Peer 1: 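Below: one structure in structure tokens.
Each chain gets a letter, A, B and so on, in the order its sequence line appears, and its residues count up from 1. The model shown is predicted, which means the values in this text are computed figures rather than measured ones.
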2 protein chains.
Amino acid sequence: MASRSYGQYCGVTTAVELIGERWAMLIVRDLLVGPRRYTDLKQGLPKIPTNILSTRLKELQEGGVVRRVPLMNCGLVYELTDYGRQLEPVVLALGRWGFQQMGDPQPEDVVTADSLTMALRTAFRAEAATSLPAADYELHVADVALRVQVDGAGLRVTQLAPPAPPVGGRVPDGEPDLVFAAGPGIRRVISGELTPAQAIDEDVLAVVSGDATLLERFAQTFHIDPGVVLAA
Amino acid sequence: MASRSYGQYCGVTTAVELIGERWAMLIVRDLLVGPRRYTDLKQGLPKIPTNILSTRLKELQEGGVVRRVPLMNCGLVYELTDYGRQLEPVVLALGRWGFQQMGDPQPEDVVTADSLTMALRTAFRAEAATSLPAADYELHVADVALRVQVDGAGLRVTQLAPPAPPVGGRVPDGEPDLVFAAGPGIRRVISGELTPAQAIDEDVLAVVSGDATLLERFAQTFHIDPGVVLAA
DNA sequence: CCGGATCCGAATCGATACTG
DNA sequence: CAGTATCGATTCGGATCCGG
């Protein structure tokens, strides 16, 4: 076990010994969305070998990052401890940093519900949102569908389907103000490279129903400025 | 090369593909202190195999994180690009997070000048420092010696010796207000587990010269509150 | 000494199959 | 659903070597 030690007495070193292993940070990313079963994690990380997933979950438990919680109605979930949840600013900052380097998707690349949920959180600008009216979006990317509700400085993202809303999830009532679909090119809207109008012209965005002018508000609310990675 | 891909189109994933490999984040940590030669990095990371160091440096260059700069007076240094420097909040947040889980040092663990420099940066509380008078410390831990100058919200850490001040380094003029030596137990002072007075009683801290009452100010300026990881 | 490159055994990872 | 077991493919670690 000491073979993985970096041999330094330092906080950064201790941290990467805990969550620097391959896949570990992505497991944490998905658990930041909410508690997940083993199978949920496997689906959200399609390329993870199952032995690695179980090994990481064991290590993260030993490290006090993750807790294994038996469920009342059979089954069990993994959830972040308080300590694990403190990684949120790290994951968000990493997401903003990586965002700038993202090119176009590889053919093999997928978009998962949890990764898109966290991506919206990384791009969310609370300061901008507070000075804007509340808005209620439904966003479709590939085969994931999210309800995205912005109210003041608050952001609430709910995963719709497929599949049925996961553990603890609750589908919001009411109709969204805007339903729209996007391809991976939505990245260029978030970065400001494309205005919503241009994105529609290039078939990156398509309004399904609702008030199309809300796309502007969406773009102002969710934005990652190249060069600004500062964490929340 | 695609073998290392996590197969997701996501900012976090892109980030860990760039700096998630073993040792990469620690190389960035040291480069955040300043440009370093190959040999400096090797000394600052005593356990890194040289082939891994050169591989990582190559990858970090391809990723736009690190730049290789020939030096006028022979030799060359590696330095962070602007993009690489944007990892500072990530590294600081990781350092604060890992700090809380640090136990006592393993016998093999060393403290390097760069890791201690970054540790001070992670623990620095600008808000607290602004409301305190300026102070000028000299800190010795194991065989590293640092000049730590706090002025308002500003922090300046200079590595003294050994060896001679590195590239671009400049030894501050004047005398420090306080010179003190610490063991690894200084962690418990930073966490608030120990007051400076208790630390002296337990031989964790020893004043070499100067105004011993400044230790209180040091403890107020450098502090990591368990449970508070929020990034700068 | 600086800045690596090379070689090789050990450990880890990835893919698939299988089980309570 | 929640993992183990197995095994070939990679990567890592440790040591040595090499050209300036």
Peer 1: Quick check for you: among D:dG14, C:dC2, D:dT4, whose closest atom lies nearest to any side-chain atom of B:Thr39?
Peer 2: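 Of the candidates, C:dC2 comes closest.
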
Peer 1: Taking the side chain as everything from C-beta on, heavy atoms only, tell me whether B:Arg85 gets closer than 4.5 Å to B:Leu31.
Peer 2: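 No, side chains not in contact.
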
Peer 1: Would you mind reading off the distance between B:Lys58 atom NZ and C:dT6 atom C1', rounded to a whole angstrom?
Peer 2: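 Result: 12 Å.
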
Peer 1: Is there a donor in the side chain of B:Gln159 and an acceptor in the side chain of B:Thr117, or the other way round, less than 3.5 Å apart?
Peer 2: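 Short answer, yes.
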
Peer 1: Is any side-chain N or O of B:Ser54 closer than 4.0 Å to OP1 or OP2 of C:dA5?
Peer 2: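 Yes, within the criterion.
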
Peer 1: Check the distance between D:dC1's C1' and A:Asp40's CG and give it to me in whole angstrom.
Peer 2: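 Those two atoms, CG and C1', are 10 Å apart.
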
Peer 1: Which of these nucleotides, C:dG3, D:dG3, D:dG14, is closest to any side-chain atom of A:Tyr38?
Peer 2: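 My answer, after comparing the listed nucleotides, is D:dG3.
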
Peer 1: Under 3.5 Å, is there a donor on one side chain and an acceptor on the other for B:Gln100 and B:Arg187?
Peer 2: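 No, no side-chain donor-acceptor contact under 3.5 Å.
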
Peer 1: Between B:Arg37 and B:Gln43, do the side chains contain an N or O donor and an N or O acceptor separated by less than 3.5 Å?
Peer 2: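 Looking only at side-chain atoms, B:Gln43 and B:Arg37 do not form any donor-acceptor pair under 3.5 Å.
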
Peer 1: Has B:Arg56 got a side-chain N or O lying under 4.0 Å from the OP1 or OP2 atom of D:dC12?
Peer 2: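 The answer is yes; a side-chain N or O of B:Arg56 sits under 4.0 Å from OP1 or OP2.
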
Peer 1: Could you check which of C:dT12, C:dG14, D:dG13 has an atom nearest any side-chain atom of A:Asn51?
Peer 2: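 In terms of side-chain proximity for A:Asn51, the closest of C:dT12, C:dG14, D:dG13 is C:dG14.
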
Peer 1: Think B:Lys47 has a side-chain N or O under 4.0 angstrom from the OP1 or OP2 of D:dA15?
Peer 2: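 For D:dA15, neither OP1 nor OP2 has a side-chain N or O of B:Lys47 closer than 4.0 Å.
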
Peer 1: So, is B:Lys42 close to the D:dG14 phosphate, meaning a side-chain N or O under 4.0 Å from OP1 or OP2?
Peer 2: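 The answer is no; no side-chain N or O of B:Lys42 sits under 4.0 Å from OP1 or OP2.
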
Peer 1: Could you tell me whether B:Asp225 and B:Arg96 make a salt bridge, using a distance below 4.0 angstrom between a side-chain N and a carboxylate O?
Peer 2: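 Looking at B:Arg96 together with B:Asp225, the answer is no, because their closest N to O distance does not fall below 4.0 Å.
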
Peer 1: Are OP1 or OP2 of C:dG4 and a side-chain N or O of B:Tyr78 less than 4.0 angstrom apart?
Peer 2: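 B:Tyr78 to C:dG4 OP1/OP2: side-chain N or O found under 4.0 Å.
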
Peer 1: Looking at five pairs on each end of the helix from C:dC1-D:dG20 to C:dG20-D:dC1, what is the angle between the two axes, given to 10 degrees?
Peer 2: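 Between the axes fitted at each end of the helix from C:dC1-D:dG20 to C:dG20-D:dC1 lies an angle of 30°.
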
Peer 1: Using whole Å, what does the distance between atom C1' of nucleotide C:dC13 and atom CD of A:Glu21 come to?
Peer 2: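 In whole Å, C:dC13 C1' and A:Glu21 CD are 11 Å from each other.
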
Peer 1: Send over the distance from B:Leu26 CG to D:dG13 P, rounded to a whole Å.
Peer 2: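 The answer, rounded to whole Å, is 11 Å.
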
Peer 1: Just the rounded figure in Å: distance from P of D:dT10 to CD1 of A:Ile52.
Peer 2: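 These atoms are roughly 15 Å apart.
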
Peer 1: Quick one: the side chain of A:Thr50 and the base of C:dA15, do they pair up donor-acceptor inside 3.5 Å?
Peer 2: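 Donor-acceptor pair under 3.5 Å: no.
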
Peer 1: Can you measure A:Glu59 atom CD to C:dT12 atom P for me and round it to whole angstrom units?
Peer 2: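 One finds 9 Å between P of C:dT12 and CD of A:Glu59, rounded.
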
Peer 1: Counting the atoms with a prime plus P, OP1 and OP2 as sugar-phosphate, which does A:Leu53 contact under 4.0 Å by heavy atoms, base, sugar-phosphate, or nothing?
Peer 2: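 It contacts nothing in the nucleic acid.
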
Peer 1: Return the orientation label for the A:Phe180 and A:Tyr137 ring planes: parallel under 30°, perpendicular over 60°, tilted otherwise.
Peer 2: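 Aromatic pair A:Phe180/A:Tyr137 classed perpendicular.
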
Peer 1: Hey, does A:Ile48 reach any base, or is it just sugar-phosphate, or nothing, if we go heavy atoms under 4.0 Å?
Peer 2: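 A:Ile48: no heavy atom of the nucleic acid under 4.0 Å.
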
Peer 1: Is the shortest side-chain N/O distance from B:Arg22 to OP1 or OP2 of D:dG13 below 4.0 Å?
Peer 2: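 True: B:Arg22 side-chain N/O within range (under 4.0 Å) of D:dG13 OP1/OP2.
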
Peer 1: Can the positive tip of B:Arg22 be found less than 6.0 Å from the middle of the six-membered ring of A:Tyr6, inside 45° of the ring normal?
Peer 2: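 Relative to the ring axis of A:Tyr6, which defines the angle, B:Arg22 lies inside both limits.
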
Peer 1: Measure the distance from CG on A:Leu57 to C1' on D:dA2 and round it to the nearest whole Å.
Peer 2: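 In whole Å, D:dA2 C1' lies 11 Å from A:Leu57 CG.
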
Peer 1: Are the charged groups of A:Arg121 and A:Glu88 less than 4.0 angstrom apart, N to O?
Peer 2: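 A salt bridge is present here (some side-chain N lies under 4.0 Å from a carboxylate O).
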
Peer 1: Taking atom C1' of C:dC2 as reference, at what distance in whole Å does atom CG of B:Leu76 sit?
Peer 2: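 Rounding to the nearest Å, CG of B:Leu76 and C1' of C:dC2 are 9 Å apart.
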
Peer 1: Do the side-chain N or O atoms of A:Trp23 get closer than 4.0 angstrom to the phosphate oxygens (OP1, OP2) of C:dC13?
Peer 2: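 Indeed not, no polar side-chain atom of A:Trp23 lies that close.
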
Peer 1: Look at A:Arg68 and D:dG3 and indicate whether a side-chain polar atom (N or O) is within less than 4.0 Å of OP1 or OP2.
Peer 2: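 Checking D:dG3 against A:Arg68, a side-chain N or O does come within under 4.0 Å of OP1 or OP2.
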
